[in-house]
Amino acid sequence: MNILVIGGAGYIGSCTSKALACAGHHVTVYDNLSTGHRDLVKWGPFFEGDILDRDSLRRCLSDVRPDGVIHFAAFSQVGESVQNPGKYIRNNIGGTLNILEAMRDTNVRNIVVSSSAAVYGIPETMPITENVPTDPINPYGETKLFMEHMLADFARAHGLSWTALRYFNAAGCDPEGETGERHTPETHLIPRALMAVDGKLPDFHVMGDDYPTPDGTCIRDYIHVSDLAEAHIRAVERLLSAEDGEGTAINLGTGTGLSVKEILNAIEQVTGCPMHYTMGPRRAGDPPSLVADATRALNILGWKPEHSSVEEIIRDAWNWYKLDQA
């Protein structure tokens, strides 16, 4: 396949680009490098551009003529979306509209989009199936859900074939240490905790210990980025082989929830370093618990997580962290 990876210089995008290339596919990365990194584009040509620039997108699509597009270029920080919703509406909704219109104009039909478990808000049942009502509680989740609605609209109007992959918590890094998680500032739990055990983050706070969970901290379903990358390959291959092109949303998770405190205890065990932290207030927009039912991913994509034990996730993240700091 010839695949355009939009946002391919970032964390999940670069890991997926590597997985695509290792599977024998041709990869082109489109990224504005606002949060991505040029040195993580290693597995194909690079086209620097912004998803808010529709003309740039059209030129890239016309030059590359991809069989399919994978879209990772949405902003993804829950807390920031609460503080600055306009930034998320402009980029995630406006930028996705530009991608879809550029695809329409260049006759590119297939797209896999990075969605999120944030579309569910605070679900009444657990684990969460795709049939649970969507009711996001923060602007990030609202923009992801609207992106899915846009996909369905363009499918009806223009024959788009699409899949929205609703991630739970992406974690871990490339097992071979060639790419991984690098955000500025870093907001994700595991890399921040690794910074703390390395002495680079002296004031590590757990955001809330008064949730209705067994130990009072948030519970999440952590999925290794290598497993996510494999799901993207299967999703785009399915679109290219499907005759009807029916769009669908698919959960990606393990079905097992871990609390923040359980993650921190596992980090101590894997790294052999003490984990010191203090308790802080809740972060706005965080639901108490999110755990996936990924049955649809198994049934439709033949996918299940193979590398998402907490030990493997933290081991690979720790190895990448040390390499990236060297």
Side-chain angles (χ1 to χ4, degrees), residues 11-12 15 76-79 116-118 120 122-123 126-128 140 166-175 180-183 185-228 251-294 305-325:
Y11 169 40
I12 306 174
C15 291
S76 61
Q77 305 301 326
V78 169
S116 171
Y120 296 114
I122 303 176
M126 202 76 60
I128 303 165
Y140 166 62
R166 293 174 176 172
Y167 310 164
F168 281 63
N169 276 48
C173 295
D174 174 42
E181 194 163 11
R182 187 199 296 159
H183 302 112
E186 185 56 72
T187 62
H188 291 175
L189 172 63
I190 291 175
R192 281 180 59 82
L194 295 176
M195 293 166 64
V197 299
D198 191 39
K200 300 293 195 305
L201 191 67
D203 56 345
F204 184 86
H205 300 288
V206 172
M207 290 182 285
D209 64 348
D210 59 346
Y211 289 95
T213 62
D215 64 20
T217 62
C218 283
I219 291 174
R220 295 291 184 266
D221 187 335
Y222 293 87
I223 179 79
H224 198 295
V225 68
S226 295
D227 285 327
L228 290 179
N251 288 341
L252 297 181
T254 67
T256 299
L258 293 169
S259 73
V260 172
K261 287 184 178 179
E262 287 174 320
I263 290 290
L264 299 182
N265 290 337
I267 284 174
E268 284 192 328
Q269 294 298 316
V270 172
T271 65
C273 302
M275 180 71 229
H276 302 293
Y277 58 88
T278 57
M279 303 308 303
R282 293 187 186 189
R283 182 176 65 176
D286 272 342
S289 181
L290 292 171
V291 179
D293 181 325
E306 302 286 351
H307 305 286
S308 291
S309 70
V310 65
E311 294 81 11
E312 192 166 353
I313 285 172
I314 293 171
R315 182 200 68 203
D316 291 342
W318 182 230
N319 288 342
W320 162 254
Y321 172 83
K322 291 185 290 185
L323 286 168
D324 203 38
Q325 293 292 307

Ignoring hydrogens and geometry, is there a side-chain-to-backbone donor-acceptor pair from Glu181 to His183 under 3.5 Å? no
Going by heavy atoms in the side chains, are Leu252 and Asp227 under 4.5 Å from each other? no
Run Gln77 and His188 through side chain to side chain contact (heavy atoms under 4.5 Å, CB included) and show every step you take. CA-CA 9 Å; Gln77 305 301 326; His188 291 175; 3.7 Å; yes
Would you give the length of the straight line joining atom OG of Ser259 to atom CG of Asp209, rounded to the nearest 0.5 angstrom? 11.5 Å
Could you check whether any side-chain heavy atom of Val206 comes within less than 4.5 Å of a side-chain heavy atom of Leu264, counting everything from C-beta outward? yes
Kindly determine whether Ser76 and Tyr140 satisfy side chain to side chain contact (heavy atoms under 4.5 Å, CB included), including the steps that lead there. CA-CA 7 Å; Ser76 61; Tyr140 166 62; 4.0 Å; yes
Are Ile263 and Val310 close enough that some pair of their side-chain heavy atoms sits under 4.5 Å apart? yes
Paired with Ile223, the side-chain contact (heavy atoms from CB on, under 4.5 Å) test is passed by just one of Thr256, Thr254, Ile313, namely Thr254
Verify whether one side chain among His224 and Glu312 offers a donor that lies under 3.5 Å from an acceptor in the other. no
Looking at Ala171, is its backbone amide N or carbonyl O close enough to the side chain of Tyr11 to form a donor-acceptor pair, meaning the two atoms are under 3.5 Å apart? yes
Check whether any side-chain heavy atom of Phe204 lies under 4.5 Å from a side-chain heavy atom of Leu189, and answer yes or no. yes
Measure from the side-chain N and O atoms of Asp221 to the backbone N and O of Ala292, and report whether any donor-acceptor pair falls under 3.5 Å. yes
Could you check if a side-chain atom of Thr213 sits within less than 4.5 angstrom of a side-chain atom of Lys261, using non-hydrogen atoms only? no
For the residue pair Pro175 and His307, establish whether any side-chain heavy-atom pair is separated by less than 4.5 Å. no
To the nearest 0.5 Å, how far apart are CZ in Arg182 and CG in Asp324? 4.0 Å
Any chance you could lay out the side chain to side chain contact (heavy atoms under 4.5 Å, CB included) test for Tyr211 and Val260, step after step, and finish with the verdict? CA-CA 11 Å; Tyr211 289 95; Val260 172; over 6 Å; no
Asp203 versus Thr278: any side-chain heavy-atom pair under 4.5 Å? no
Would you mind reporting whether Arg192 and Lys200 have side-chain heavy atoms less than 4.5 Å apart? no
